[in-house]
Trainee: 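Could you have a look at this structure, given as structure tokens, before my questions?
A quick note: this is a predicted structure, and the numbers were derived from the prediction, not measured.
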Amino acid sequence: MVKTMIYAHRGASKLAPENTMPAFELACAAGAEGIETDVQLTKDQVPVLIHDENLRRTTNGTGFVQDYTYAQLRLLDAGSWFNPKFSDTYIVTLDEFLRWFKNHPMFLNVELKTNVIEYKNIEQIVYDCLIDHHVLDRTVISSFNPDSLTRMKKINPSVETAFLTSTNMRNLPQYAKSLGTDALHVKHRLLDKKLVKRCHKQKLDLRIYTVNRPAMMKKCFKLGVDAFFTDVPHQALEYRQLYKENRKG
């Protein structure tokens, strides 16, 4: 049986504010094998971990990430929207996160948020940060934007990249392969046995997002996907163990 790896989607984001250090720390404590996070650039070209281009949903700020310096963003409250006890939580930089991450034996998925705003030089900036912290060999770079993935491969062809999509386009594994990517990351509703078979035939890793329901977790385990992303890594790890034990029984 293929071991399906568990990535914490934006950290343990059902237990703490997404893409913040508390969420990452809880994911690590739960035993998640990987962390998924999103990177955007500030006005002064600092890579920061936040999903939305707009600050409104996950902070007490307004407007766009790209219009603020990091010094300005650092003053925002990035936790109270989730729970008042996280009121001192702030937007973390990629550099700060990696200083913590490199000391933990996990894998990393960095999603470049370039499908709405094409941040200039984000690929090189992120690459340099990963190199500085010596974690490139356990990192995959994903994006909905094929051009970002192409630019990353031009920087270093050995960087692992993944095409990210929620669209059931024809010949999806072949398309991902044509981009020079190493993996395909798809929305859970696209998962079926045929896709798994076609991806593995193309020598593409297949990872599924965002898997929170037990029935979908079981489907991922049964079909042998390489990994899935979940907001509840603590539950996913329990379900994987139960599935393994039931298979033996």
Trainee: Should the pair K244-E238 be classified as a salt bridge under the 4.0 Å nitrogen-to-oxygen rule?
Mentor: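 Judged by the 4.0 Å cut-off on N to carboxylate O distance, K244 and E238 do not form a salt bridge.
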
Trainee: Is the number of heavy atoms from other residues, nucleotides or ligands under 6.0 Å of Y127 OH greater than 12?
Mentor: yes

Trainee: Report yes if some heavy atom in the side chain of I50 is under 4.5 Å from a heavy atom in the side chain of L55; otherwise report no.
Mentor: yes

Trainee: Look at D231 together with R10 and state whether they make a salt bridge at an N to O cut-off of under 4.0 Å.
Mentor: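 R10 and D231: not salt-bridged.
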
Trainee: If I compare all heavy atoms of A12 with all of L26, which pair ends up nearest, and what's the gap?
Mentor: CB-CB, 4.0 Å

Trainee: Using the ring of each side chain (for Trp, its six-membered ring), is F86 parallel, tilted or perpendicular to F82, with breaks at 30° and 60°?
Mentor: perpendicular

Trainee: For atom NZ of K14, is the number of surrounding heavy atoms from other residues, nucleotides or ligands below 6.0 Å larger than 12?
Mentor: no

Trainee: If you take all heavy atoms of S142 and N109, which pair is closest and at what distance?
Mentor: OG-ND2, 3.0 Å

Trainee: State, yes or no, whether a side-chain contact exists between T58 and P17 at a heavy-atom distance under 4.5 Å.
Mentor: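 In short, these two side chains do not touch, never coming nearer than 4.5 Å.
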
Trainee: Minimum heavy-atom separation for F228 and C220, please, with both atom names.
Mentor: CD2-CB, 3.6 Å

Trainee: For D192, is there an ion pair with K197 - N to carboxylate O distance below 4.0 angstrom?
Mentor: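 Salt bridge absent between K197 and D192.
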
Trainee: Check A176 against L184 and note the closest heavy-atom contact, atom names and distance.
Mentor: CB-CD1, 4.0 Å

Trainee: Kindly say whether V232 contributes a backbone atom to a donor-acceptor pair with the side chain of Q235 at under 3.5 angstrom?
Mentor: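 Between the backbone of V232 and the side chain of Q235 there is no qualifying donor-acceptor contact (under 3.5 Å).
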
Trainee: Under 3.5 Å, is there a donor-acceptor pair between the side chain of Y70 and the main chain of I91?
Mentor: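 Between the backbone of I91 and the side chain of Y70 there is a qualifying donor-acceptor contact (under 3.5 Å).
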
Trainee: Could I get the full list of salt bridge (Lys or Arg N to Asp or Glu O under 4.0 Å) partners for D95, not counting sequence neighbours?
Mentor: R99

Trainee: Could you give all pairs that pass the ring pair (Phe, Tyr, Trp, His ring centres under 6.0 Å) test and reach residues 141-196, with sequence neighbours left out?
Mentor: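 Qualifying pairs, neighbours excluded: F163-Y175, H185-F229.
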
Trainee: Between E111 and K113, does at least one N-O distance fall below 4.0 Å, as a salt bridge requires?
Mentor: yes

Trainee: Sequence neighbours left out, what passes ring-ring contact (aromatic ring centres under 6.0 Å, His included) with F101? Give chain and number order.
Mentor: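 Once residues adjacent in sequence are excluded, the partners of F101 under the ring-ring contact (aromatic ring centres under 6.0 Å, His included) criterion are F97.
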
Trainee: State, to 0.1 Å, how close V196 and V225 come at their nearest heavy-atom pair, and which atoms those are.
Mentor: CG2-CG1, 4.0 Å

Trainee: Are more than 12 heavy atoms, taken from residues, nucleotides or ligands other than K218, located less than 6.0 Å from that residue's NZ atom?
Mentor: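 Not buried by this count: 12 neighbours or fewer within 6.0 Å.
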
Trainee: Which residue in the set H51, H9, R57 passes side chain to side chain donor-acceptor pair (under 3.5 Å) when paired with E18?
Mentor: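 The option that passes is R57.
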
Trainee: Taking NZ, NE, NH1 and NH2 as the nitrogens, is one of them in R138 or E33 under 4.0 Å from a carboxylate oxygen of the other?
Mentor: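 No, this pair does not count.
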
Trainee: Is the backbone of L191 close enough, under 3.5 Å, to the side chain of K219 for a donor and an acceptor to pair up by distance?
Mentor: yes

